[in-house]
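For reference, the structure is listed below as structure tokens.
Atoms within each ligand, like the ligands themselves, are counted from 1 in listed order. Every heavy atom of this structure was used, including side-chain atoms; hydrogens, water molecules and symmetry mates were not.
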Amino acid sequence: MSETVLETKHLKKVYNYNTPNAFEALHDINFQVFEGDFVAIMGPSGSGKSTFINNISTIDLPTSGKVYINGKEVRRMTSNEIGHFRYENLGFIFQDFNLLDTHTMYENIAMPLSLAHVSKDEIEKRVNELAEQMNITHLLHKYPNECSGGQRQRAAICRALINHPRIIVADEPTGNLDSANSAELMKILEKLNSEEGVTIVMVTHDPLITSYSSRLIYIKDGEIQTVLDREGLSQDDYFQKIVEINSAESRELIQQ
Ligand code: ADP
């Protein structure tokens, strides 16, 4: 049995807590991610996917319940400890790449290490290594707005990987990419997961993107509605099942 790297117990998130506008976005979520998992989170817009991913990755804190990452309860850490812990354990990939246009691609990729005061030589070695793997060595001196979406997302992946995280958290990572670049990104993530054992938790609305994962968590109205394990299914059969789950849910929304 693989080790649990991420776990929630009775996770609840209420926005505007204790005000007349209080809104419970997540209710009592119990969930585990094991080392080497590749989990996709799907669900209708407004169902709580981003809230969930933010709460399991230290970006936000639950209103009640517990979140454990590598056995550590996030609420028990100080904000300083959370920053350090995030640097050591987590890599983030976002839909809009989140690169700084005032910095070169090299500087963007190096940023987590620069902030952690790693030596210049070590930074250079690591940036060059990753840039080569992602095929963007020739773009390192350019600024993000001089590069294509696919190239920027590859730089964002380099930045996410620069500190050797064991867990990658991705929120709609292919949301701003065309289909060829999306497929390429998914192959990169799939390889990281299968060859290097990096655990991945990713939000997406696209069944094709989910078909690269090993488990689907379907969230609806702040609750886990369905869990689908890929198990021995081919990517094509898994894709069909993912489509069925999504279309059953969509049909239900139409009938309401
Ligand atoms: P999804 O990612 O599935 O689209 P979200 O997690 O963004 O859903 O949002 C879940 C629910 O919580 C939605 O009803 C949304 O309006 C609400 N919500 C999200 N962020 C906030 C916030 N900062 N303040 C108040 N309500 C919020």
Side-chain angles (χ1 to χ4, degrees), residues 6-33 37-69 74-75 79 82 86 90-98 149 153 156 160 167-177 182 185-186 189 199-213 215-228 239 241-256:
L6 223 158
E7 183 168 17
T8 71
K9 286 188 182 165
H10 305 294
L11 166 62
K12 185 195 274 197
K13 180 69 189 181
V14 182
Y15 286 112
N16 305 317
Y17 188 59
N18 264 346
T19 75
N21 295 329
F23 178 78
E24 191 168 312
L26 296 176
H27 331 285
D28 197 33
I29 296 208
N30 295 294
F31 171 76
Q32 276 180 312
V33 177
D37 251 351
F38 187 167
V39 177
I41 298 167
M42 301 187 89
S45 177
S47 57
K49 302 180 296 297
S50 293
T51 305
F52 182 59
I53 206 162
N54 289 345
N55 276 272
I56 59 170
S57 61
T58 74
I59 290 179
D60 201 358
L61 290 172
T63 310
S64 66
K66 291 180 173 152
V67 174
Y68 300 89
I69 307 177
V74 176
R75 263 218 171 278
S79 53
I82 288 181
R86 207 185 274 174
L90 300 169
F92 294 91
I93 305 173
F94 302 95
Q95 173 171 358
D96 52 8
F97 323 129
N98 273 15
Q153 194 57 304
I167 307 172
I168 288 194
V169 177
D171 196 351
E172 295 274 7
T174 61
N176 279 326
L177 299 181
S182 297
L185 170 65
M186 292 321 296
L189 292 182
T199 304
I200 301 174
V201 183
M202 165 187 79
V203 169
T204 181
H205 64 271
D206 185 339
L208 188 60
I209 297 302
T210 299
S211 72
Y212 287 87
S213 72
R215 192 149 54 108
L216 160 65
I217 308 289
Y218 194 93
I219 294 187
K220 195 177 157 195
D221 299 332
E223 282 174 354
I224 294 179
Q225 170 102 3
T226 310
V227 177
L228 174 67
F239 172 72
K241 286 196 183 252
I242 297 162
V243 171
E244 275 165 31
I245 288 173
N246 276 272
S247 46
E249 289 298 336
S250 303
R251 237 176 279 131
E252 218 173 87
L253 286 175
I254 292 170
Q255 284 160 4
Q256 273 172 9

Residues 220-228, side-chain donor-acceptor partners within the protein, below 3.5 Å, at least two apart:
from: Lys220; atom 1: NZ; to: Glu249; atom 2: OE1; distance (Å): 3.4
from: Lys220; atom 1: NZ; to: Glu252; atom 2: OE1; distance (Å): 2.8
from: Gln225; atom 1: NE2; to: Glu249; atom 2: OE2; distance (Å): 3.2

Q) Which heavy atom of Asn176 sits nearest a heavy atom of Gln95, and at what distance? A) ND2-O, 3.2 Å
Q: Considering non-hydrogen atoms only, spot the tightest contact between Phe92 and Ala160 and give its length.
A: O-CB, 3.5 Å
Q: Would you check if the side chain of Lys49 reaches a backbone N or O of Tyr218 as a donor-acceptor pair within less than 3.5 Å?
A: no
Expected list for residues 16-25: side-chain donor-acceptor pairs under 3.5 angstrom, two or more places apart:
from: Thr19; atom 1: OG1; to: Asn16; atom 2: O; distance (Å): 2.7
from: Thr19; atom 1: OG1; to: Asn21; atom 2: N; distance (Å): 3.1
from: Glu24; atom 1: OE2; to: His27; atom 2: ND1; distance (Å): 2.8

**Q.** Residue shell around ligand 1, heavy atom under 4.0 angstrom
**A.** Tyr15, Asn16, Phe23, Ala25, Pro44, Ser45, Gly46, Ser47, Gly48, Lys49, Ser50, Thr51
Q: Just jot down the side-chain hydrogen bond (donor to acceptor under 3.5 Å, both in side chains) partners of Ser213, sequence neighbours excluded, or say none.
A: Tyr238
